[in-house]
S.K.: 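Could you have a look at this structure, given as structure tokens, before my questions?
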Amino acid sequence: MRTIDVSALIDGARFNAFHARVLFWCALIIIFDGYDLVIYGVVLPSLMAEWGLSSLQAGALGSCALVGMMLGALFFGSVSDRIGRRKTIMICVTLFSGVTALNGLAQSPEAFALCRFVAGLGIGGVMPNVVALMNEYAPKRSRSTLVALMFSGYSLGGMLSAGLGMVLIPLWGWQAVFYVALVPLLALPFLIRQLPESMDFLLRTGQTSKAQSLLAQAVPDYVPGAADQLNRIAAKGSNVSISQLFQEGRKLSTFMLWLAFFCCLLMVYALSSWLPKLMSAAGYGLNSSLAFLLALNLGAIIGAVAGGWLGDRIGIGKVLFVFFCCGALALSLLALKAPLPVLYLLIAVAGACTIGTQILANACTVQYYPPQIRATGLGWAMGVGRTGAIIGPLLGGALHASSLPLQASFLIFAIPGLVGAIAILVFLMQNASSRQGTASRQYSH
């Protein structure tokens with residue numbers, strides 16, 4: 001009988017066709033996840049004009065999907081640790097894709113809000129699960145890069161949403177961009193066949209033969225044996241409790257991650273929801289305003305990939321701290337009068353260091369928690385952070401209603417960046433202290 005350390009085998013594997021397949025399908029899910037979420041900022045000017053919404057009403061309407069996302073992240077993040085990531089991902093994709101398409105049929109703000117809330121449940125639920133799945137199968141040497149590359153699909157989806165909005169809205173109205181969300185449903189049969197189940201879940205539920213088959217794909221050097229004993233820490237128990245996030249010295253670090261998520265998501269959704277409208281109010285045309293949204297998401301892709309690459313080399317936590325600081329600086333500089341090219345550059349940097357920072361925060365969180373509570377840990381971080389996402393559009397609406405100068409709005413958006421940087425600094429210091437304590441205890445024994 002051989003005892004196989006599954007984690008060690010996957011950690012030492014080289015990137016291959018199996019990893020590319022997982023990356024492709026997870027990234028595709030995130031692309032449409034991002035599309036469905038950023039779509040509100042794209043149609044906001046049209047909705048306000050058609051339904052005569054005030055800025056505060058528009059901000060509240062934008063928060064409906066984010067309330068759904070918060071509940072979806074909390075619920076589906078925990079559920080997937082019990083029923084498996086694959087099944088949970090399929091449920092969430094069906095939910096957010098189908099209901100977002102229905103959104104195009106909404107005839108009133110109330111019906112629109114209900115559809116956005118239900119779609120938000122699926123959007124929020126799918127994120128922690130695809131991140132945890134990619135992290136679980138990614139080789140250690142390229143883990144941060146692959147998770148960041150996969151999650152940059154969110155920004156690609158945002159760019160797709162803004163780009164299609166520039167083409168479709170003038171021709172067929174705001175409803176047309178919602179109907180595009182049906183595409184993931186068409187891909188669902190392929191997704192069911194191609195997406196692997198969590199190795200951790202298979203081992204916990206005694207599905208050893210399936211686990212061996214997947215391990216052989218992830219690590220071609222591994223040849224399955226009938227008597228193999230696959231070992232993984234996560235396989236010790238299937239009961240996942242929220243209290244485990246605070247055990248073994250994780251309490252302060254968990255709270256700091258939650259605070260960082262709150263600050264980051266507040267900045268992300270304030271910008272994503274209100275950037276086109278703020279720029280439109282400042283005198284830029286609709287297509288020009290949507291171009292700023294394109295710049296924001298293009299910057300996010302570059303920031304996420306570059307940050308993931310750096311994270312694999314110097315540590316994802318250190319990169320997160322620098323990104324928070326740079327995000328706050330870029331948003332502060334937007335408060336100054338600047339020529340148009342400089343404005344685009346600063347917005348791209350802001351995208352890299354807000355949306356990009358959120359992508360890196362996801363990677364940091366799944367690497368921090370042990371496998372058996374990984375989806376639960378990320379689900380709760382994203383769920384608690386969604387309170388910041390809910391406040392973001394409301395804050396944008398309040399700033400727009402107050403008729404403050406555009407520059408003042410950006411200055412206020414920069415404040416959470418500073419708070420997030422402090423939270424990550426405390427997180428890094430706490431982890432360094434915990435590692436030193438562990439090393440001291442091992443040395444004394």
Side-chain angles (χ1 to χ4, degrees), residues 7-8 10-11 73-74 77-78 80-81 85 127-148 150-151 198-200 232-234 236-237 240-265 304 307-324 356-386 388 420-439:
S7 297
I10 292 175
D11 281 353
L74 295 175
S78 298
S80 70
D81 285 325
R85 306 216 199 289
M127 283 187 182
N129 284 293
V130 291
V131 175
L133 190 67
M134 186 73 250
N135 185 83
E136 186 172 356
Y137 282 111
K140 187 174 184 180
R141 74 190 75 187
S142 56
R143 186 163 292 152
S144 296
T145 302
L146 291 177
V147 171
M150 178 214 70
F151 219 90
S198 160
M199 180 70 68
D200 168 51
R232 191 166 191 155
I233 295 172
K236 288 183 179 178
V240 180
S241 168
I242 306 305
S243 64
Q244 289 176 255
L245 302 180
F246 304 97
Q247 295 170 2
E248 299 174 8
R250 289 189 289 263
K251 184 184 291 184
L252 181 60
S253 294
T254 292
F255 280 127
M256 288 301 103
L257 283 173
W258 287 2
L259 179 58
F261 269 68
F262 172 87
C263 293
C264 193
L265 286 168
W309 183 84
L310 277 172
D312 283 325
R313 284 149 183 82
I314 65 171
I316 201 82
K318 294 175 184 175
V319 178
L320 257 182
F321 174 71
V322 172
F323 269 44
F324 263 117
T357 298
Q358 180 56 42
I359 293 167
L360 296 177
N362 293 331
C364 178
T365 303
V366 292
Q367 290 178 31
Y368 173 67
Y369 291 110
Q372 69 270 27
I373 57 171
R374 191 164 281 155
T376 300
L378 183 58
W380 271 85
M382 296 182 84
V384 172
R386 292 295 164 206
I422 293 168
I424 292 298
L425 184 61
V426 173
F427 172 79
L428 289 170
M429 291 169 66
Q430 172 66 14
N431 283 354
S433 175
S434 297
R435 283 195 298 269
Q436 286 175 358
T438 302

S.K.: Could you walk me through whether Arg143 and Asp11 pass the side chain to side chain contact (heavy atoms under 4.5 Å, CB included) test, one step at a time?
M.R.: CA-CA 9 Å; Arg143 186 163 292 152; Asp11 281 353; 2.6 Å; yes
S.K.: Atom CG in Asn431, atom CZ in Arg250: separation rounded to 0.5 Å?
M.R.: 11.0 Å
S.K.: So how far is it from Arg85 CZ to Met134 CE, rounded to the nearest 0.5 Å?
M.R.: 13.0 Å
S.K.: Between Met150 and Val131, is any pair of side-chain heavy atoms under 4.5 Å apart?
M.R.: yes
S.K.: So which atom in Ala304 and which in Leu360 form the shortest heavy-atom distance, rounded to 0.1 Å?
M.R.: O-CD2, 3.8 Å
S.K.: Which of parallel (below 30°), tilted (30 to 60°) and perpendicular (above 60°) describes Trp380 and Trp258?
M.R.: parallel
S.K.: Might you point out which heavy atoms bring Thr365 and Ala381 nearest each other, and give the distance in Å?
M.R.: CG2-CB, 4.3 Å
S.K.: Have Tyr368 and Thr254 got a donor and an acceptor in their side chains that come within less than 3.5 Å?
M.R.: no
S.K.: Which heavy-atom pair separates Gly420 from Cys263 by the least distance, and what is that distance?
M.R.: N-SG, 3.8 Å
S.K.: Between atom CD1 of Ile424 and atom CE of Met429, what is the distance when rounded to the nearest 0.5 Å?
M.R.: 13.5 Å
S.K.: Write down the atom of Ala260, the atom of Ala423, and the distance for their closest heavy-atom approach.
M.R.: N-CB, 4.1 Å
S.K.: Would you check if Val319 and Trp309 make a side-chain contact, meaning some heavy-atom pair closer than 4.5 Å?
M.R.: no
S.K.: Give me the atom names and distance for the closest heavy-atom approach of Leu320 to Cys364.
M.R.: CD1-CB, 3.8 Å
S.K.: For the residue pair Ser198 and Glu136, confirm or rule out a side-chain donor-acceptor distance under 3.5 Å.
M.R.: yes
S.K.: Calculate, to the nearest 0.5 Å, the distance between atoms OG1 and CZ belonging to Thr357 and Phe321 respectively.
M.R.: 12.0 Å
S.K.: Can you tell me how far the CZ atom of Arg313 sits from the NZ atom of Lys318, to the nearest 0.5 Å?
M.R.: 14.5 Å
S.K.: Using side-chain heavy atoms (C-beta onward) and a distance below 4.5 Å, is Tyr369 in contact with Leu378?
M.R.: no
S.K.: With rounding to the nearest 0.5 Å, note down the distance linking CG in Asp312 to OG1 in Thr145.
M.R.: 3.5 Å
S.K.: Looking at every heavy atom in both Ile10 and Ala138, which two are closest together, and how far apart are they?
M.R.: CG2-O, 4.0 Å
